[in-house]
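Okay, so here's the structure we're looking at.
Throughout, a chain's letter reflects where its sequence line sits, starting with A, and its residues are numbered from 1.
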Amino acid sequence: MSEFLSQHKRSHNCNTLTKADLGREVILMGWIDSLRDHGGRRFVDLRDRYGLTQIVFKPETDEAQHARAQELRNEWCIGIRGVVEDRTANGGSANPRLTTGEIEINVLELEVFNKSAVPPLQIEDNIDTSEEKRLQNRVLDLRRGPLQRNFHLRHRIAQATRAQLDEEGFLEIETPILVKYTPGGARNFVVPSRLNPGSFYALAESPQLYKQMFMMAGFDRYFQIAKCFRDEDLRGDRQPEFTQIDLEMSFVQEEDVQGVVERLVARIFKEAMNIDLQLPFKRMSYADCMARYGSDKPDLRYGLEHTILTNVIADFDGGGVPFFKSTLDDGLMIKAMRVPSEYKMSRAETDKLEDLVKQLGGAGLGRAKVGDDGAWSQSPFAKVISDECRLAINQAVSAETGDLILFQFGKPKQVHMILAALRTHLAKKFELAKTLKGNDAWSLHWVTDFPLFEHDEESGNHVAAHHPFTSPQKGHEDNLVSDPGSVLARAYDLVLNGNEIGGGSIRIHDDQVQAKVFDALAMSDEEKQAKFGFLLEALRYGAPPHGGLAIGLDRLVMILTGATSLRDVIAYPKTQRGTDLLTGAPTPVDTHQLKEVHILSTAEKKTNA
RNA sequence: GGGGCGGUAGUUGAGUUGGUUACAACAUCGGCCUGUCACGCCGAAGGUCGCGGGUUCGAGUCCCGUCCGCCCCGCCA
């Protein structure tokens, strides 16, 4: 135990002292952010999570302390006792960039708690160190201002969430992390059970079924800031363990859930960002999103809308363009995006767009430059297309002189995906969203009317688009068996600046409807009982109508902090390969540990470089 | 499962057609400096060019394999 600590308590943090404190004796503790040694004056910027304070060592104050100060180095953790003095009166100048910039602490006593080896990264706001080095040295990385601020904001958001949902009558209840393994959907992390040889838990993908059962238990309004685990491939915005603001409500319709979420998000924006959002948020149907933006989470802060041309061109039987004709004959989609003339691109730049299309798996990029009178140039279709078809296309996409029309042909899913990628690519290139200020910089909207099922190409079956407990829309129940592909769901996603930050639905509370949905999913009685028997059982005893939603907390924090990766808002994140460079996890475990949990590894031994 | 980019002092980068002792900035270390706050000045040290193999008189550079990081498609009910 340090003598210094037993005699002194920290009196202030490094961001509070001002001229109002002149003459006070204070105790500060923190890290050495930087050093400036002038021989007879030794300056140290002392840093803690709150800010910086300059401390100064002067030989006339204390010869010995001044001499010791020469030994100090960056990132040492120290404590000091000293007197608040006026920088200007001391013959220096104030630093207007610091809250504490008008004062400095004349050091009377110095305590070194712990020296620091030379840090492998610089502790500065703007570093260009590779992410690999940063993750390997995460403790030092986390000392940096931007990450410290990200976690402050994350804390504010979590607290605003608790306060708001508490005020709205929600109960915060925890659910298990070790849960029943259910195949289908996201891949589960699997945990062997030592006490039950050959059996396994899964780590919870989400508290979905538990929260529904809370409703059946009568808790009425539940929320949780819940850890979730999914063993899928990682992305910049996907980590294998992540956090959801999870909520569920009884006796509600879509607009009730959406209203709660809108008020919650508005409160988060107000408390964390001091931004007043306008309520309610816009609503767009899934079909509309896909047609106009090629995405179920479009960024609505800019245009670059798409137009489906399949029917337009079919009216002209391909308009004399053999490729159009063969595309139509194959039953494929033709879609275009108009790039207005103010977004100027050279030939080389449009060629680069085509490279992007090919990287995404597209065959190529159809183009047409629109001239006077709607004539096309720089286009493989220009010479053969009929005037009528060309004009109809121009009209359909609202083309004006100087515009560029980009075409995609093929399966709808891929056509949408590629044009959506081009749209976001061009928006980035021309900085369409980045330059927006104030409220214009934020776009929130609901996407509604999702299909209840998706067609799974692998199995040929229908699979639940959201999850199998999502309620079909009213009047659609009869189509569940006859035409499942046409059934819309009572599901809704919340989109922020082109990111899906939340999703939810009104659930099925009627076991007859639930049975039909399982039928449409081609699920046998044994299968439903084995997987979801506990839920079906609960549905038999007075299940209330209910619905809810989950917000991806990490993603929300990422967007609000302006971070470009989830890794900057999760304290100890995983790399794209799912490893933790700080601790080295995951690691092999020895065979006797495996034996204890009754499993045997089939992995081949890896040799590390 | 697939496509793309990258790995060179502690850190970030440069390194030509394969050719002396692999270069710069910042950081580090030593010295000087009484008003700095991107302090300044003088000096020094610092390298298994991710790893393994091959071609060659000679490889950071060319070829093959492999490991690692990042971005994207698939995947993520």
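Residue A:Arg567 is in sugar-phosphate contact alone, with no base atom involved, counting any heavy-atom pair closer than 4.0 Å across all strands shown. Heavy atoms of A:Pro468 sit under 4.0 angstrom from at least one base atom. Nucleic acid contact for A:Ala465: sugar-phosphate only, since backbone atoms but no base atoms lie under 4.0 Å from a heavy atom of the residue. Within 4.0 Å (heavy atoms only), A:Asp233 reaches at least one base atom of the nucleic acid. The residue A:Leu360 sits close only to the backbone: its heavy atoms come under 4.0 Å of sugar-phosphate atoms, none of a base. Within 4.0 Å of A:Gly236, counting heavy atoms only, lie sugar-phosphate atoms of the nucleic acid but no base atom.
Between B:U21 and B:C49, the distance separating the two P atoms is 15 Å to the nearest Å. Here, B:U36 and B:U12 have their C1' atoms 27 Å apart, quoted to the whole Å. Here, B:C26 and B:G19 have their C1' atoms 31 Å apart, quoted to the whole Å. Distance check on atom C1': B:C23 versus B:C62 gives 23 Å, rounded to whole Å. Distance check on atom P: B:C76 versus B:G60 gives 46 Å, rounded to whole Å. Separation of the P atoms belonging to B:G50 and B:C57 is 25 Å when rounded to the nearest angstrom. Here the separation of B:G30 from B:U55, taken at their P atoms, is 48 Å to the nearest Å. When the P atom is used for both B:G10 and B:C73, the distance is 37 Å, rounded to whole Å.
Taking 3.5 Å as the limit, the base of B:G74 and the side chain of A:Arg235 contain a donor-acceptor pair of atoms between them. You won't find any donor-acceptor pair under 3.5 Å spanning the side chain of A:Arg230 and the base of B:C76, going by distance alone.
Taking the six-membered ring where the residue is Trp, A:Phe518 and A:Phe532 present parallel rings, their angle staying beneath 30° rather than reaching 60°. Using the six-membered ring where Trp is involved, A:Phe409 and A:Phe407 have ring planes that are parallel, under 30° apart on the 30 and 60° scheme.
Of all nucleotides listed (B:C71, B:G30, B:C75), B:G30 comes nearest to the side chain of A:Arg73. When each of B:G10, B:U28, B:G69 is scored by its nearest atom to the side-chain atoms of A:Pro120, the top-ranked nucleotide is B:G10.
At the phosphate of B:G69, OP1 or OP2 sits under 4.0 Å from a side-chain N or O atom of A:Thr579. In this structure, A:Lys428 does not reach the B:C72 phosphate: none of its side-chain N or O atoms is under 4.0 Å from OP1 or OP2. Contact check, A:Ser130 against B:U12: a side-chain N or O comes under 4.0 Å of OP1 or OP2.
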Exercise answer: donor-acceptor pairs, residues 483-491 of chain A side-chain atoms, under 3.5 Å, sequence neighbours excluded:
unit_1: A:Asp483; atom_1: OD2; unit_2: A:Ser486; atom_2: OG; d: 3.2
unit_1: A:Ser486; atom_1: OG; unit_2: A:Asp483; atom_2: O; d: 2.9
unit_1: A:Arg490; atom_1: NE; unit_2: A:Glu254; atom_2: OE1; d: 3.4
unit_1: A:Arg490; atom_1: NE; unit_2: A:Glu254; atom_2: OE2; d: 3.0
unit_1: A:Arg490; atom_1: NH2; unit_2: A:Gln253; atom_2: OE1; d: 2.8
unit_1: A:Arg490; atom_1: NH2; unit_2: A:Glu254; atom_2: OE1; d: 2.9

Where protein sits on nucleotides 32-38 of chain B, one letter per nucleotide: B base, S sugar-phosphate only, - none, heavy atoms under 4.0 Å: -BBBBBS
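Here the C1' atom of nucleotide B:U11 and the CD1 atom of A:Ile123 are 12 Å apart, to the nearest Å.
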